[in-house]
Amino acid sequence: MTIQLHKSIIKEQSKITITGSKSESNRLLLLQALYQELEVDNVSNSDDSIVMQKALVSEEKIIDIHHAGTAMRFLTAYFASKEGREVVLTGSSRMKERPIEILVDALNQLGAEISYVESHGCPPLKIIGKTLSKHKVTLNANVSSQYISALLLIASRLENGLELTLEGKITSIPYINMTLDLLNQVGVKTSFEDQVIVVNPKKDALKTKNLTVESDWSSASYFYSIVALSSIGTVIELSSYKEKSLQGDSVLSDIYKSFGVETVFTGHSILLKKVEDLQRNSVEFQLNNSPDIAQTIAVTCLGLGVKCHLTGLHTLKIKETDRLVALQNELQKLGAQINITEDSLTLDNSLKITKSVAIATYNDHRMAMAFAPLALKTDLYIEDYMVVSKSYPTFWDDLEALGFKFSK
């Protein structure tokens, strides 16, 4: 299905409510499965979190998590540690291409019994749950932080806890710190010194039995882009957000200053204000700790006619699609000059955006949402537009509330 976005002008002031962070929700859902007295509020309404919830209570022998990469990694660790539980964990055709060998090897080092059903190194996985008594493992640090978080989340329920040594430069530290902070909030003792993370086993009652998920900063990125592409004076209020966030993508409040967008924290909401037009013709950002906002930033730069150089993007190649290649393909359709490497993207400024281009989404929710703000500059089409339900099911409703015009 394709949606046609007509060139739009949005309201000068709007208010949008965004549900809980998918990253926080899925971590807390796993902790809730390990500690059933834990209550979690404002859970994400994303497909990924719904899949995660269903899988955690399922008694089926085959569990299909579709496109949900976070769920695949977290559930691999969870089921590996559930003694006596035997399950095949599978997913979409793209999921069967996404590597998971690093996590499987680490779990097997701890005493797990996990084997590959089809292709070596990728799902589906046959998991026979065991009591994991070993507690020391070494992992390459230059991998998806979800591998690391998957191990950390189950660690407090292991007999001897976990001592995880990371080798090399660590990727996405904010997401590791998010996991450790959530563990600390429920009373699990942890330490992270140099390259070694220790999680102690927890036998006693939880310190906190109710946690509320902060709204999703990744979802906020599209509204930052919309404000940046709008006229001076545009204001969008988003709730519910904290000034001291656990989410790596909260760096948006600093990054979008470069595009004339001011962030004002007011209690549990943020106001995004367009306060000035762009004062420069090129920007550079290192996104090693927040690669998921690269697509949004690249499209913002195209819409503003500004050059950009984005680095720290090596994990984008193993997402729902190879996001660097996907960005290159679709930005070129719009008239952009773009070059990519294994971990970077360079966009030259374009004098004119090609009108009425059809943007392919590659089964990737972020492709659809990142390109949608361009409707403030030109007409365009978004293919497979409901792919947004993976993380943000009400995205199109919220854009309509802002004043976007489209035909389905």
Nearest atoms (heavy-atom pairs only) where [X] meets [Y]:
X	Y	result
Met386	Pro393	CE-O, 4.3 Å
Ser8	Gly403	CB-O, 4.0 Å
Ala372	Leu399	CB-CD2, 3.9 Å
Ala220	Leu238	CB-CD1, 3.8 Å
Ser149	Tyr175	OG-O, 3.7 Å
Val137	Gln109	CG2-OE1, 3.5 Å

Give, for atom [atom1] of [X] and atom [atom2] of [Y], the distance between the pair rounded to the nearest 0.5 Å.
X	Y	atom1	atom2	result
Phe192	Leu164	CZ	CG	8.5 Å
Gln32	Gln53	CD	CD	8.0 Å
Ile128	Glu83	CD1	CD	12.5 Å
Gln146	Leu153	CD	CG	10.5 Å
Asn184	Thr208	CG	OG1	10.5 Å
Asn363	Ser93	CG	OG	7.0 Å

Would you find a donor on one side and an acceptor on the other, under 3.5 Å apart, between the side chain of [X] and the backbone of [Y]?
X	Y	value
Thr361	Glu383	yes
Lys130	Leu110	no
Lys274	Ala228	yes
Lys333	Ala358	yes
Ser230	Ile226	yes
Ser215	Ile18	yes
Asn289	Ile173	yes
Ser282	Lys307	no

Does [X] reach the side chain of [Y], with side-chain heavy atoms less than 4.5 Å apart?
X	Y	result
Leu331	Leu302	yes
Glu167	Leu139	no
Pro201	Ser156	no
Ser21	Glu214	no
Leu229	Lys377	yes
Pro123	Thr90	no
Tyr35	Lys202	yes
Thr76	Leu125	yes

Flag yes if more than 12 heavy atoms outside [X] fall under 6.0 Å of its [atom1] atom; otherwise flag no.
X	atom1	result
Lys61	NZ	no
Glu60	CD	no
Lys242	NZ	yes
Asp194	CG	no
Lys54	NZ	no

Give the intermediate values and the outcome of side chain to side chain donor-acceptor pair (under 3.5 Å) for residues Asp249 and Ser221. CA-CA 8 Å; Asp249 289 348; Ser221 72; over 6 Å; no
Mind checking whether [X] and [Y] have parallel, tilted or perpendicular rings, split at 30° and 60°?
X	Y	result
Tyr224	Tyr256	tilted
Phe223	Tyr392	tilted
Tyr385	Trp396	perpendicular

[X]-[Y] side chain donor-acceptor pair, cut-off 3.5 Å:
X	Y	value
Thr300	Ser225	yes
Thr70	Asn26	no
Glu330	Tyr362	yes
Thr346	His309	yes
Ser46	Ser391	no
Ser356	Asp379	no

How far apart are the C-alpha atoms of Asn288 and Asp343, what are their side-chain angles, what is the distance that settles it, and do they pass the side-chain contact (heavy atoms from CB on, under 4.5 Å) test? CA-CA 9 Å; Asn288 193 56; Asp343 73 339; over 6 Å; no
Could you check Thr266 against Ser269 for side chain to side chain donor-acceptor pair (under 3.5 Å), going step by step and ending with a plain yes or no? CA-CA 5 Å; Thr266 60; Ser269 297; 4.8 Å; no
Apply the test side-chain contact (heavy atoms from CB on, under 4.5 Å) to residues Ser290 and Trp217: give CA-CA distance (whole Å), side-chain angles for both, the deciding distance (0.1 Å), then the verdict. CA-CA 10 Å; Ser290 51; Trp217 274 95; over 6 Å; no
Presence of salt bridge, [Y] and [X], under 4.0 angstrom:
X	Y	result
Asp292	Arg323	yes
Lys390	Asp48	yes
Glu37	Lys209	no
Glu97	Arg94	yes

Charged tip of Arg157 within 45° of Tyr78 ring normal and under 6.0 Å: no
Yes or no on side chain to side chain donor-acceptor pair (under 3.5 Å) for His66 and Ser92, after CA distance, side-chain angles and deciding distance? CA-CA 5 Å; His66 308 291; Ser92 65; over 6 Å; no
Verdict with reasoning, Asp216 to Gln247, per side-chain contact (heavy atoms from CB on, under 4.5 Å): CA-CA 8 Å; Asp216 187 46; Gln247 299 173 52; 3.7 Å; yes
Passes side chain to side chain donor-acceptor pair (under 3.5 Å), Asn142 versus His314? Steps please. CA-CA 9 Å; Asn142 191 27; His314 59 281; 2.8 Å; yes
Full working for side-chain contact (heavy atoms from CB on, under 4.5 Å) between Ile65 and Leu75: CA-CA 9 Å; Ile65 54 80; Leu75 291 170; 3.7 Å; yes
List for me each residue that meets side-chain contact (heavy atoms from CB on, under 4.5 Å) alongside Asp181, sequence neighbours excluded, and say none if there are none.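 Checked Asp181 against side-chain contact (heavy atoms from CB on, under 4.5 Å); matches are Gln185, Leu246.
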